[in-house]
Amino acid sequence: MEGTILKTFNFSANFGESQVLKNISIEINRNEVVAVMGPSGCGKTTFIRCINRMHELTQGATVNGDIRVDDNSIYTMNLIVLRRKIGMVFQHPNPFPTMSIYQNVVAGYLLNGIKLKKTERDEVVERSLKRVALWDEVKDDLHKKGTFLSGGQQQRLCIARSISMNPEILLLDEPTSALDPISTAKIEELIFELKKNYTIIIVTHNMQQAGRISDRTAFFYLGELLEFNDTTELFINPKHEKTQNYITGRFG
Amino acid sequence: MTHLEEQIQMLKASTVEMWHLVISQLSKSQAAVKDFDKSIVHNIQVNEKMVDTYELKIDKDCENIIALFNPVAIDLRFVLAVLKINYNLERIGDYAYGISKLLDDMDSPFSDELLKSCRISEMFDISIELLIETLISFENENKQLTKTIIGKEKPHNKINKDAIEKIAEYKNNTPGEIKMTMKTLAIILKLERVIDHIQNIAEEMIFHMEARVLKHDKKGKKEISR
C-alpha cells in the first residue's frame with residue numbers, strides 16, 4: 001500500500017530544560033526504509049523513541065507538537081495498540097534471558113496476555129523466524145535459551161520478536177553497531193527483505209550502511225532536521241553544507 | 001586535514017602533474033610539425049610511456065580511495081571526475097603521440113602553404129590554450145572559468161570544416177604530395193578529437209563542482225556556456 005504512514009508536525013522534545021528535538025516535521029512513506037543520521041547528541045535516538053512513546057518514560061521528558069501514524073495521533077492511541085503497530089529493536093541484542101528462543105518470539109503475545117492456540121503459536125514462531133532468516137539455524141533448538149545464540153543471531157531473534165506481532169513500522173536503533181561484518185551483512189539483507197512488509201526507520205552511524213539500505217535519509221544536527229532527501233541524492237549532492245561536512249568526515 | 005583529504009590532495013597533485021605532461025606533449029607535437037624536428041618526435045615518443053604510467057597510477061589511486069575511504073558527496077564526485085579526466089588526458093597524450101608518429105617516415109617537412117591554409121597552428125594554439133585553462137580551473141576549482149570552456153570548440157569546428165576543403169583543393173593542385181596531404185588531414189582529425197576530450201574534461205569538472213551532468217545535454221551545455 002502506497003502513501004504516508006507516519007507524519008510529525010512541528011515536533012519538539014525536551015529533557016527538562018534541554019530541548020533535544022526542535023520542530024521536526026517529516027513524512028515517511030509506507031514500505032520505505034528511512035535512515036536517521038547525524039553526529040552524537042543530535043537527537044536521532046530521541047526521535048525514534050518518541051515515535052513509540054518511549055521518550056516519555058524518562059523522568060522530566062516532555063514533548064510538543066504531534067506524531068501521527070495512519071493519520072491518528074499517537075497521543076490519543078492506546079499505548080498497547082501503538083506498540084503493536086510500532087516495533088523497536090535496540091543497539092545491543094536483548095533477548096529475554098530467562099526465555100527460550102520460542103518464547104522470545106511470542107513474548108509480545110505472552111506479555112500482553114494474548115492467548116494463542118499451540119498451532120497458532122507454532123505458526124507465529126516459524127513465520128517470524130523465517131522472515132528474519134533464522135529458522136534454518138535454530139529450528140532444532142527452539143527450546144534453548146535465546147542468549148545461547150551468537151550476537152548476530154540474537155539481534156535477528158529480537159527482530160523476529162518485534163515482527164511477530166505484525167507491526168506496521170519497525171524502529172531500529174543502531175541494530176548492527178555491536179555486530180561483526182558478517183552478522184551486519186545478514187541484518188542488512190534482512191532489512192531489504194522486511195521492507196516489502198514493513199516501514200523501517202533506522203538510526204545508524206554507519207554512513208555506508210545508510211547508503212546501502214535506505215531509500216531516504218534524514219540528517220539531524222543539534223536537534224534539527226537539516227536535510228531529508230533520497231539517499232542517493234543526499235550522498236552524491238547534499239544540499240546543506242553541514243550535511244556535506246558530516247558525511248565527508250569533516251566534522252562529527 | 002583528514003586522511004581522506006590528504007589522499008584527495010595527493011590524487012589532485014598527480015593529476016596536475018599528468019596534465020602538465022600532456023600539455024607539454026601537445027606543445028611538442030606542434031613544434032615537431034612546424035619545425036620538422038625529429039629529436040622532438042623522439043622525445044614525445046619516450047614521454048608517451050610516462051603518460052601511460054600516470055594513467056595507471058591515477059586509476060589505481062582512485063580505486064584505492066573508493067575501496068578504502070568510501071568517499072561521498074563532493075569527495076566522491078571528485079574521484080569519479082578524476083577517473084574520467086585521467087582517461088581523457090591519456091587520450092590527448094595518445095593524439096600528441098599519434099601526431100609525432102606521422103612524422104616518423106617523412107623525409108621532408110609539411111608544406112608551409114598547406115599548414116597555413118588549414119590553420120593548423122591556430123588549431124594547436126586553441127587546443128593548448130584550452131587545455132591550460134582547464135588545468136587552471138581544475139587547480140583552483142574555478143566554476144566560472146570552467147563554464148567559459150564549455151562550447152569553446154566552435155571556432156575549432158569551423159577551422160576543421162574549412163580545412164577539409166583546403167585539403168581537397170591542395171590534393172587536386174599537387175597530386176604528387178598525396179601522402180603528406182593525408183597526414184595533414186590526420187593531424188586535423190586528431191586535433192578535433194583533442195578538443196572533444198577537453199570538452200569532456202570540462203564537463204567532468206562541472207560534475208565535480210556542481211553535481212551537474214552535462215554529458216548528452218545540449219541544452220544544459222548551451223545554458224552553461226552563455
Side-chain angles (χ1 to χ4, degrees), chain A residues 33-40 42 44 174 176-177 179-182 184-185 187-188 191 202-221 225-252, chain B residues 1-13 15 61-85 138 140-144 146-147 150 200 202-217 219-221 223-224:
Chain A
V33 179
V34 170
V36 180
M37 277 190 346
S40 297
C42 69
K44 307 179 291 287
E174 298 187 53
T176 61
S177 64
L179 304 183
D180 63 50
I182 304 288
T184 298
I187 300 277
E188 288 182 6
I191 290 171
I202 176 170
V203 169
T204 179
H205 272 296
N206 182 333
M207 280 175 289
Q208 282 69 46
Q209 181 172 69
R212 284 191 296 268
I213 62 174
S214 68
D215 300 302
R216 289 197 290 169
T217 296
F219 176 67
F220 280 67
Y221 183 70
L225 174 63
L226 283 195
E227 191 162 343
F228 183 41
N229 207 343
D230 285 345
T231 298
T232 316
E233 185 66 15
L234 190 134
F235 277 93
I236 300 282
N237 186 22
K239 298 290 177 279
H240 204 289
E241 198 188 341
K242 284 209 165 64
T243 316
Q244 168 142 305
N245 288 343
Y246 178 71
I247 64 174
T248 56
R250 287 176 174 87
F251 84 85
Chain B
M1 195 184 274
T2 64
H3 193 181
L4 172 60
E5 281 173 303
E6 264 176 35
Q7 294 292 315
I8 283 187
Q9 285 310 314
M10 282 159 64
L11 178 64
K12 188 171 183 176
T15 312
D61 290 347
C62 289
E63 278 171 26
N64 288 347
I65 290 176
I66 290 171
L68 302 177
F69 294 89
N70 306 123
V72 291
I74 195 161
D75 297 333
L76 175 63
R77 298 203 305 268
F78 179 79
V79 177
L80 293 178
V82 165
L83 260 179
K84 292 185 185 171
I85 289 170
F138 179 79
N140 303 312
E141 297 185 10
N142 185 332
K143 278 187 218 175
Q144 287 317 313
T146 310
K147 285 178 181 175
I150 305 278
N200 294 346
E203 286 171 24
E204 290 309 321
M205 285 157 55
I206 292 290
F207 171 70
H208 161 226
M209 291 184 275
E210 292 193 349
R212 189 165 173 188
V213 178
L214 288 174
K215 200 193 284 181
H216 309 309
D217 180 6
K219 205 174 147 198
K221 283 184 209 170
E223 256 174 48
I224 232 165

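All heavy atoms count here, side chains included; hydrogens, waters and symmetry mates do not. Sequence lines set the chain letters: A, B, ... in the order given, protein chains first and strands last, and positions in each chain run from 1.
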* Can you tell me how far the OG1 atom of Thr248(A) sits from the CD atom of Glu5(B), to the nearest 0.5 Å? -> 7.0 Å
* Asked: If you count the non-hydrogen atoms of other residues, nucleotides and ligands that lie under 6.0 Å from CD in Glu6(B), is the total more than 12?
  -> yes
* Structure fact -> Among Thr2(B), Ile74(B), Leu80(B), the residue with the most heavy-atom pairs under 4.5 Å to chain A is Ile74(B)
* Tell me, for Leu76(B) versus chain A, whether the close heavy atoms (under 4.5 Å) come from the side chain, the backbone, both or neither. => side chain
* **Side chains of Asn70(B) and Met207(A) in contact at under 4.5 Å (non-hydrogen atoms)** => no
* Asked: Has Lys239(A) got more than 12 heavy atoms of other residues, nucleotides or ligands less than 6.0 Å from its NZ?
  -> yes
* **Residue selection (most heavy-atom pairs with chain B, distance under 4.5 Å) from Leu234(A), Ile236(A), Thr243(A)** => Ile236(A)
* Should we say atom NZ of Lys84(B) is surrounded by more than 12 heavy atoms from elsewhere, each under 6.0 Å from it? -> no
